[in-house]
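This chain uses plain numbering: 1 for the first residue, then up along the sequence.
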Amino acid sequence: MRLSSVVRGLGRLAAIAFAAAALAGCGTSTAPIVLPPLSAVVLTPTTDTLVVSQERVFAATALDTTGAPVTGASFDWSSTDTGVFTVSSQGRVTAVGEGSALLIAAAGGKADTATVFVYVQDGWYAQTSGTSNDLNGVGARSDGRVVIAVGDAGTVMRTANAGASWGARVSNTAFSLQDVWWVSSSIVYVVGNGGTVLRSTDAGLSWTRLTNIPTSQNLQGICWVGTTHGWAVGSNGVILRTGDSGATWTAQNPTSSQLNSVSFADTLRGWAVSETGVIVGTRDGGRSWYLVQPAVTGQALRGVWRATDTAAWAVGQNGTVARTTATVDSLQWTMGSLGAANDIEALHVIAPSTAYAVGTNGTGLVLKSVDGGTSWSPQTSNSAQTLNDVWFVDALRGWAV
């Protein structure tokens with residue numbers, strides 16, 4: 001065979017092989033860009049708020065070790081809770097249900113996160129609770145998805161989807177329940193009449209009544225700091241204290257007036273307020289209590305919140321509101337008014353400057369302050385019923401019952 005024939009034959013075989021390779025690659029995507037070593041992934045915006053069904057496109061940028069953007073980099077997108085939002089391979093976020101979750105964009109061993117808040121609609125709106133019993137207390141887990149509401153006749157209602165649907169849980173008591181406090185993402189306490197203290201260790205799915213409570217008084221309020229220190233208050237001025245995660249409790253009565261609410265800024269400094277306007281304070285974690293003298297008011301005080309060591313608010317009957325101010329050697333309570341027609345039942349302070357108060361003025365009442373309690377603005381509650389308690393998980397999402 002002549003050499004030229006061999007060359008032509010080899011050329012035809014190479015062409016066939018090339019064509020076969022090209023055909024095999026038909027319909028496939030372009031080979032991914034090989035990323036250089038990265039210093040970071042930057043996600044924008046870093047936070048956003050969406051209404052259910054709303055969409056938003058987030059942008060991610062990969063930076064090389066010099067800090068320069070890498071053109072054409074691809075990212076792995078994910079949501080830490082697809083019940084709150086989903087995300088496409090191109091970074092398009094779709095809001096699914098109320099709550100908050102993290103958006104993650106990753107590439108080349110680097111990642112960045114953004115926080116996405118989702119809510120149902122603006123303003124206050126009614127949710128179907130699933131019970132006709134009066135609800136007295138409410139508390140929400142920090143994610144805003146799991147919420148517990150408690151009420152008369154041992155009622156415990158729970159939602160795991162921010163209130164889109166509620167279901168009753170077995171409380172194992174017929175005593176009326178008054179207040180809720182989340183200690184952690186799984187541990188919840190509830191207090192009520194007859195010295196009732198309930199504990200759940202599975203985020204409110206099941207409940208156990210504690211048998212080591214040294215009182216049978218009706219308990220009205222509860223507060224915890226961390227997972228070890230807790231306090232509850234109630235009728236005849238009883239104050240319960242635990243410093244060992246509820247393993248043991250002690251009781252004392254610094255006043256004979258019914259105490260309605262208790263709040264601590266840390267494990268040492270707290271306030272409790274009463275039905276006769278008595279305010280008691282502690283500087284040693286509740287081992288001892290002192291009465292505020294002279295008395296601030298004779299009006300019933302229903303709620304108290306100690307936001308910091310020096311900043312605390314109390315609210316109550318006939319629009320009563322009191323605030324602490326720091327003096328040279330102590331804290332002093334000063335009186336104000338939210339309007340005599342407004343009976344205030346509960347208070348929740350989100351930050352030292354922002355608070356909500358709820359109650360009634362013949363219909364459901366919601367008041368908001370954004371200036372540390374100097375002024376209060378009414379909000380449309382869309383409720384004809386007295387609102388007994390309120391709880392917020394962030395500046396946007398809250399529940400009142």
Indicate every side-chain donor-acceptor pair of residues 214-228 with a distance under 3.5 Å to a residue at least two apart or in another chain.
unit_1: T215; atom_1: OG1; unit_2: Q217; atom_2: N; d: 3.1
unit_1: Q217; atom_1: OE1; unit_2: S235; atom_2: OG; d: 2.8
unit_1: Q217; atom_1: OE1; unit_2: N236; atom_2: ND2; d: 2.9
unit_1: N218; atom_1: OD1; unit_2: G194; atom_2: N; d: 2.9

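- Remark: the backbone N or O of S288 is paired with a side-chain donor or acceptor of T282 at under 3.5 angstrom.
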When the side chains of residues 59-70 are checked against the rest of the protein, which donor-acceptor pairs come out under 3.5 Å, sequence neighbours left out?
unit_1: D64; atom_1: OD1; unit_2: T66; atom_2: N; d: 2.9
unit_1: D64; atom_1: OD1; unit_2: T66; atom_2: OG1; d: 2.6
unit_1: D64; atom_1: OD1; unit_2: G67; atom_2: N; d: 3.1
unit_1: D64; atom_1: OD1; unit_2: A68; atom_2: N; d: 2.9
unit_1: D64; atom_1: OD2; unit_2: T66; atom_2: OG1; d: 3.4

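- Contact of the K368 side chain with the W376 side chain is not registered, since no non-hydrogen atoms from C-beta on lie closer than 4.5 Å.
- For the pair S100 and R397, the minimum side-chain heavy-atom distance is below 4.5 Å.
- At least one side-chain heavy atom of N318 sits under 4.5 Å from a side-chain heavy atom of D343.
- Using cut-offs of 30° and 60° on the angle between ring planes, the pair F392 and Y356 is parallel.
- Geometrically, R283 engages Y290 in a cation-pi contact, judged by NZ or CZ lying under 6.0 Å from the ring centre and within 45° of the ring axis.
- Between R287 and Q252 the shortest side-chain heavy-atom distance does not fall below 4.5 Å.
- No donor-acceptor distance shorter than 3.5 angstrom exists from the side chain of S381 to the backbone of V366, with no hydrogens or angles considered.
- Side chain of T47 to backbone of T115: a donor-acceptor contact under 3.5 angstrom is found.
- Inter-residue side-chain proximity for L50 and V116 is flagged as met; some heavy-atom pair is nearer than 4.5 Å.
- Classification of the F264-W231 ring pair by plane angle, with boundaries at 30° and 60°, yields parallel.
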